[in-house]
*Asks:* 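Below are the structure tokens for one structure; questions will follow.
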Amino acid sequence: MLRMSTLFLRTLREDPSDAEVPSHRLLVRAGYVRRAAPGGFTWLPLGWLVYRNVENIIRDEMDKAGFQEVHFPALLPREPYEATGRWTEYGPNLFRLKDRRDNDFLLAPTHEEMFTLLVRDLFSSYKDLPLSIYQIQTKYRDEARPRAGLLRGREFVMKDSYSFDLNDDGLRESYRRHREAYISTFDRLRLPYVIVSAMSGAMGGSASEEFLAPLDVGEDTFVRCTSCGYAANTEAVSVAAPAPSTATTPPARVVDTPGTPTIDSLVAFLNRSEELARPEGTWDAADTLKNVALMLVYPDGTRSPLVIGLPGNREVDMKRLEAQVGPAEPMPFTEEDFARFPMLVKGYIGPQMLGEQSASQIRYLVDPRVVDGTSWVTGANSAGAHVVGLTAGRDFTPDGTIEAAEVLEGDTCPSCSAAMTIARGIEIGHIFQLGRKYAEALDLQVLDGDGKQVTVTMGSYGIGVSRAVAVIAESHHDELGLVWPREVAPADVHLIIAGKEGGPQRSAAEQIAVELDNRGIRVLFDDREGVSPGVRFKDAELIGVPTIVVVGRGLDDGLIEVKDRATGERRDVALNEVVSHLVDICVL
RNA sequence: CGGGGUGUAGCGCAGCUUGGUUAGCGCGCCACGUUCGGGACGUGGAGGUCGGAGGUUCGAAUCCUCUCACCCCGACCA
């Protein structure tokens, strides 16, 4: 039983000024967490109870699925991460530090290397596989900008699992089992989620899906098809490319277009020009081919220019681009870059002189919509001039295509051609088929039945544990406070005394509290003295325990009020029945 | 990384423009009394390196420089 008279808790009457998102605001105000460092939080008793409930549900589902728990240090040496290339590829988000002897260490963001090495140390036969092991561990990422409280910290707790299989079929099966375990975990946690196709990003590997909680505060954007169920992170969306056209287009010609360095100004110019008027209607931004110059910066510091051609009505989506060019980081072209590559005329870049085979040798990739036979208005590589009718395949040949154009609401679904919708979400789980990247780099092999060495294939599977607490809060609250699902709530019953001090309410409440406690019901008992009923009600609503029990004026008639925090529904229950009534409610 | 904003008691804020008693208010906290079903009331208290460092000045919360932290926006278009 938790007695509020002695509980280490202080609720705040006002919102903390630095908290923006509801989960952060309410978790601080209701006394669950306190900020302790940039991107780091202290769990107070109530918060830690919720955290442990969440952790235990995750652990329970992992164990049920037959995965085994281990525990690694968070502080790790550089060498294994050097061997897989992640020491450099992970970039500035990796927490690096040195010990007193000047040796490099890191605070692990994930543990692929260590799990791989551990299995290599202990196992060497196909008979040992398949194997799935996991840990629940504090992870570190040196986020440029921690924000939104627990949702994106620099220190957070993650459950990460790794599967080890002899072949691709085994990997698919391990992946499927993790996917099932994640579904039952998130269902039990009462977390809303959408499973979307994802990019594997810095982890490497092939197939990968994310579990996204669809919330506006999320920092991921995903699309969903309105008809076929296709869902994908925008980073992973592949554009439905039209079929190449073989129709003959008019020859390309250069026209003077003074003062048209932007797509808007160009389109306006085209529509003012009588000479360029089109029988089929007005010019649109989608008729233009926009060429965006970017500088790719590789982890080793080398830089190489890249020009991306895409329909003028779309912007380059930097997140999508990063997912394509990683580990290189794309940077916008600076004035110095333009000075260094004088053939790129800012505002008038055209594909005629681009491509690795061209004089400029600048790599030129286009959006998949720019297929052979499509005709464009685009830059003429000279200030104040554009080319009309420049046709892909005939007048220019890009080095390839790239998925970097922004995805727009209503874009066609790549699997069924219906329209797609866009929403925001926050990643609560991610499952990957890693393949052999880590096993190869760290030489994890086993003997197969024929006595041959075979490289093991791996999967990796993560759940943000501390983030899950925040996401549950984010999706389970109202204007009065938190509304915990019972599975993760810090208590089942919040028991309030609402009567005259020294009246019969206190002893009745005391008795109910003890009986509930004896029946195994988790009770948060507001036994504070000298606290007005209003404060007790407000605190109960803020703290968000699912069932609120009020011992108050009804006691004279032998009645106790039982209130559901989520629905607000209240009913009076006879004093001698209230305990068994509550047991019925609370035992799931 | 860039732009903007904010740092004054546990929380929310005023004071700063125009330097000058002992730095204020509300909430919370402590004591006593009253009150007791919706963040009660009275009286009396405790609590501050004014984010930090340096400077200007007879004198700095206030002016200047640097720095740290937090919040928001942008990460970008040709």
Side-chain angles (χ1 to χ4, degrees), chain A residues 9-21 24-25 28-31 34-40 92 144-149 219 257 259-267 285 288-295 297 307-322 329-335 337-338 344-351 378-381 383-384 386 404-406 480-481 496-506 526 528-542 548 550-556 559-561 563 570 572:
Chain A
L9 169 74
R10 184 108 305 148
T11 57
L12 306 178
R13 186 188 289 245
E14 287 160 290
D15 283 335
S17 66
D18 61 348
E20 195 72 15
V21 301
H24 186 195
R25 213 178 65 225
V28 172
R29 192 147 95 83
R34 299 286 295 174
R35 197 193 80 92
R145 185 181 154 199
R147 63 184 109 175
E219 44 204 7
T257 57
T260 57
T262 65
I263 294 294
D264 283 349
S265 57
L266 173 61
V267 170
T288 68
L289 178 64
K290 175 158 74 180
N291 296 294
V292 180
L294 295 148
M295 189 58 78
V297 183
V307 176
I308 295 177
L310 66 162
N313 62 329
R314 288 176 196 264
E315 311 290 359
V316 170
D317 180 327
M318 289 305 266
K319 279 191 176 170
R320 269 167 61 74
L321 177 59
E322 276 172 34
E329 195 184 342
M331 306 289 287
F333 234 53
T334 61
E335 292 301 329
D337 291 327
F338 277 111
L344 297 180
V345 183
K346 187 173 180 179
Y348 301 92
I349 301 172
T378 191
N381 297 306
H386 280 84
E406 65 180 332
L480 296 172
I496 288 176
I497 302 168
K500 217 177 167 96
E501 198 73 55
Q505 281 84 3
R506 172 166 289 271
D526 191 350
R528 293 175 294 181
E529 289 183 17
V531 175
S532 71
V535 172
R536 297 184 200 270
F537 287 122
K538 292 289 184 198
D539 273 346
E541 280 146 356
L542 181 60
I548 298 170
V550 185
V551 183
R553 59 188 171 207
L555 186 66
D556 295 341
L559 295 174
I560 305 297
E561 180 179 316
K563 188 171 157 188
R570 43 174 106 179
D572 290 325

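We name chains A, B, ... by the order of the sequence lines, and we start the count at 1 in each one.
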*Asks:* Has the side chain of A:E14 got a donor or acceptor atom sitting under 3.5 Å from an opposite partner on the base of B:G26?
*Replies:*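 Under the 3.5 Å cut-off, the side chain and the base do form a donor-acceptor pair.
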*Asks:* Taking the same atom, C1', in B:C72 and in B:C25, what whole-Å distance lies between them?
*Replies:*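 Approximately 27 Å lies between the C1' atom of B:C72 and that of B:C25.
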*Asks:* What is the distance, to the nearest angstrom, from the CG atom on A:L9 to the P atom on B:C11?
*Replies:*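 Distance check: A:L9 CG to B:C11 P gives 15 Å.
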*Asks:* Considering only heavy atoms and no angle criterion, is a donor-acceptor pair shorter than 3.5 Å present between the side chain of A:K538 and the base of B:G37?
*Replies:*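 A donor-acceptor contact between them is absent.
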*Asks:* Taking the side chain as every heavy atom from C-beta outward, state whether A:I560 and A:L555 have any pair of such atoms under 4.5 Å apart.
*Replies:*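 Answer yes - side chains close enough.
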*Asks:* In whole Å, what separates the P atom of B:C66 from that of B:C27?
*Replies:*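 After rounding to an integer number of Å, I get 41 Å for this pair.
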*Asks:* Indicate, with a heavy-atom threshold strictly under 4.0 Å, whether A:R570 touches base, sugar-phosphate, or nothing.
*Replies:*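 Result for A:R570 = base.
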*Asks:* Once you apply the 3.5 Å cut-off to both distances, tell me the Watson-Crick or G-U wobble partner of B:C50, or none.
*Replies:*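 Here B:C50 is not engaged in any pair, so there is no nucleotide opposite it.
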*Asks:* Measuring only between side-chain heavy atoms, which start at C-beta, is A:I548 closer than 4.5 Å to A:F537?
*Replies:*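 No, side chains not in contact.
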*Asks:* Expressed as a whole number of Å, how far does the C1' atom of B:G45 sit from that of B:C50?
*Replies:*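 Per the computed distance, 23 Å lies between those C1' atoms.
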*Asks:* A:P351 pairs by side-chain contact (heavy atoms from CB on, under 4.5 Å) with which of A:L289, A:V307, A:N381?
*Replies:*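 So, applying the side-chain contact (heavy atoms from CB on, under 4.5 Å) to A:P351 and each of A:L289, A:V307, A:N381, only A:L289 qualifies.
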*Asks:* Just how far, in rounded Å, is C1' of B:C32 from CD of A:E529?
*Replies:*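 Rounding to the nearest Å, CD of A:E529 and C1' of B:C32 are 15 Å apart.
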*Asks:* For B:A69, which nucleotide in any strand shown is its Watson-Crick or wobble partner with both distances under 3.5 Å?
*Replies:*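 Its partner is B:U6 (Watson-Crick or G-U wobble, both distances under 3.5 Å).
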*Asks:* Begin from the C-alpha positions of A:E541 and A:K563 and carry the test side-chain contact (heavy atoms from CB on, under 4.5 Å) through to its verdict.
*Replies:* CA-CA 11 Å; A:E541 280 146 356; A:K563 188 171 157 188; 3.2 Å; yes
*Asks:* Using atom P in both nucleotides, what's the gap between B:C63 and B:U17 to the nearest angstrom?
*Replies:*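 These two P atoms come out 5 Å apart once rounded.
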*Asks:* Which sits closer to the 5' end of RNA chain B, A:V21 or A:R10, going by the nucleotide each is nearest to?
*Replies:*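 First, find each residue's nearest nucleotide; the 5'-ward one identifies A:R10.
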*Asks:* How far, in whole Å, is B:C36 from B:C41 if one measures between their C1' atoms?
*Replies:*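 Approximately 12 Å lies between the C1' atom of B:C41 and that of B:C36.
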*Asks:* Taking only the P atom of each, what is the distance from B:G37 to B:C32 in whole angstrom?
*Replies:*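 Their P atoms lie roughly 23 Å apart.
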*Asks:* Specify the separation, in whole Å, of atom CZ of A:R29 and atom P of B:C27.
*Replies:*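 The answer, rounded to whole Å, is 16 Å.
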*Asks:* Side chains of A:E501 and A:R506, heavy atoms from C-beta outward: is any pair under 4.5 Å?
*Replies:*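 Side-chain contact under 4.5 Å: yes.
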*Asks:* What does A:D539 touch in the nucleic acid at a heavy-atom separation under 4.0 angstrom: a base, only the sugar-phosphate, or nothing?
*Replies:*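 Base contact - A:D539 has a heavy atom under 4.0 Å of at least one base atom.
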*Asks:* Go ahead and name the base partner of B:U56; Watson-Crick or wobble counts if both distances stay under 3.5 Å, otherwise write none.
*Replies:*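 None - no nucleotide pairs with B:U56, as no candidate has both distances under 3.5 Å.
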*Asks:* Between A:D15 and A:V551, which has a closest nucleotide on RNA chain B that is more 5'?
*Replies:*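 By nearest-heavy-atom nucleotide position, the 5'-most residue is A:D15.
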*Asks:* Would you say B:C36 has OP1 or OP2 under 4.0 Å from some side-chain N or O of A:S532?
*Replies:*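 False: A:S532 side-chain N/O out of range (4.0 Å or more) of B:C36 OP1/OP2.
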*Asks:* For the pair made of CD1 in A:I496 and P in B:C36, what is the distance, rounded to whole Å?
*Replies:*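 Those two atoms, CD1 and P, are 18 Å apart.
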*Asks:* Say we look at B:G19 and B:C11: how far apart would their P atoms be, to the nearest angstrom?
*Replies:*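 These two P atoms come out 31 Å apart once rounded.
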*Asks:* Walk me through it: do A:V28 and A:R35 pass the test side-chain contact (heavy atoms from CB on, under 4.5 Å)?
*Replies:* CA-CA 8 Å; A:V28 172; A:R35 197 193 80 92; over 6 Å; no
*Asks:* State, to 0.1 Å, how close A:I308 and A:A404 come at their nearest heavy-atom pair, and which atoms those are.
*Replies:*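 Answer, listing the atom of A:I308 first, then A:A404: CD1-CB, 4.1 Å.
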*Asks:* Just how far, in rounded Å, is P of B:C11 from CZ of A:R35?
*Replies:*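 A:R35 atom CZ is separated from B:C11 atom P by 11 Å.
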*Asks:* Return the pairing partner of B:U43 with a 3.5 Å limit on both distances, Watson-Crick or G-U wobble; otherwise return none.
*Replies:*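 Pair assignment: B:U43 / B:A31.
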*Asks:* At less than 4.0 Å, is any side-chain N or O atom of A:S17 found next to OP1 or OP2 of B:C70? Yes or no.
*Replies:*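 Result: no.
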*Asks:* Taking pairing as Watson-Crick or G-U wobble with both contacts under 3.5 Å, can you name the mate of B:U22, or confirm there isn't one?
*Replies:*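 Here B:U22 is not engaged in any pair, so there is no nucleotide opposite it.
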*Asks:* Could you give the distance separating B:U62 and B:U57 at their P atoms, to the nearest angstrom?
*Replies:*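 Result for the P pair: 16 Å, nearest Å.
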*Asks:* Any side-chain heavy atom of A:D539 sitting closer than 4.5 Å to one from A:L9?
*Replies:*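 With C-beta onward as the side chain, the pair stays apart.
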*Asks:* Over all heavy atoms of both residues, which pair between A:R314 and A:A405 is shortest? Give the atoms and the distance, please.
*Replies:*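 Distance-wise, the nearest heavy atoms are CD-CB, 4.1 Å.
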*Asks:* Does the structure show a Watson-Crick or G-U wobble partner for B:A14, both distances under 3.5 Å? Name it, or say none.
*Replies:*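 Partner of B:A14: none found under 3.5 Å.
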*Asks:* So which nucleotide does B:G74 pair with, by the Watson-Crick or G-U wobble rule with both distances under 3.5 Å?
*Replies:*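 Its partner is B:C1 (Watson-Crick or G-U wobble, both distances under 3.5 Å).
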*Asks:* Just how far, in rounded Å, is C1' of B:G37 from CZ of A:F537?
*Replies:*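 A:F537 atom CZ is separated from B:G37 atom C1' by 5 Å.
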*Asks:* What string of B, S and - do you get for nucleotides 73-78 of chain B 5' to 3' if you count protein non-hydrogen atoms under 4.0 Å?
*Replies:* B--BBB
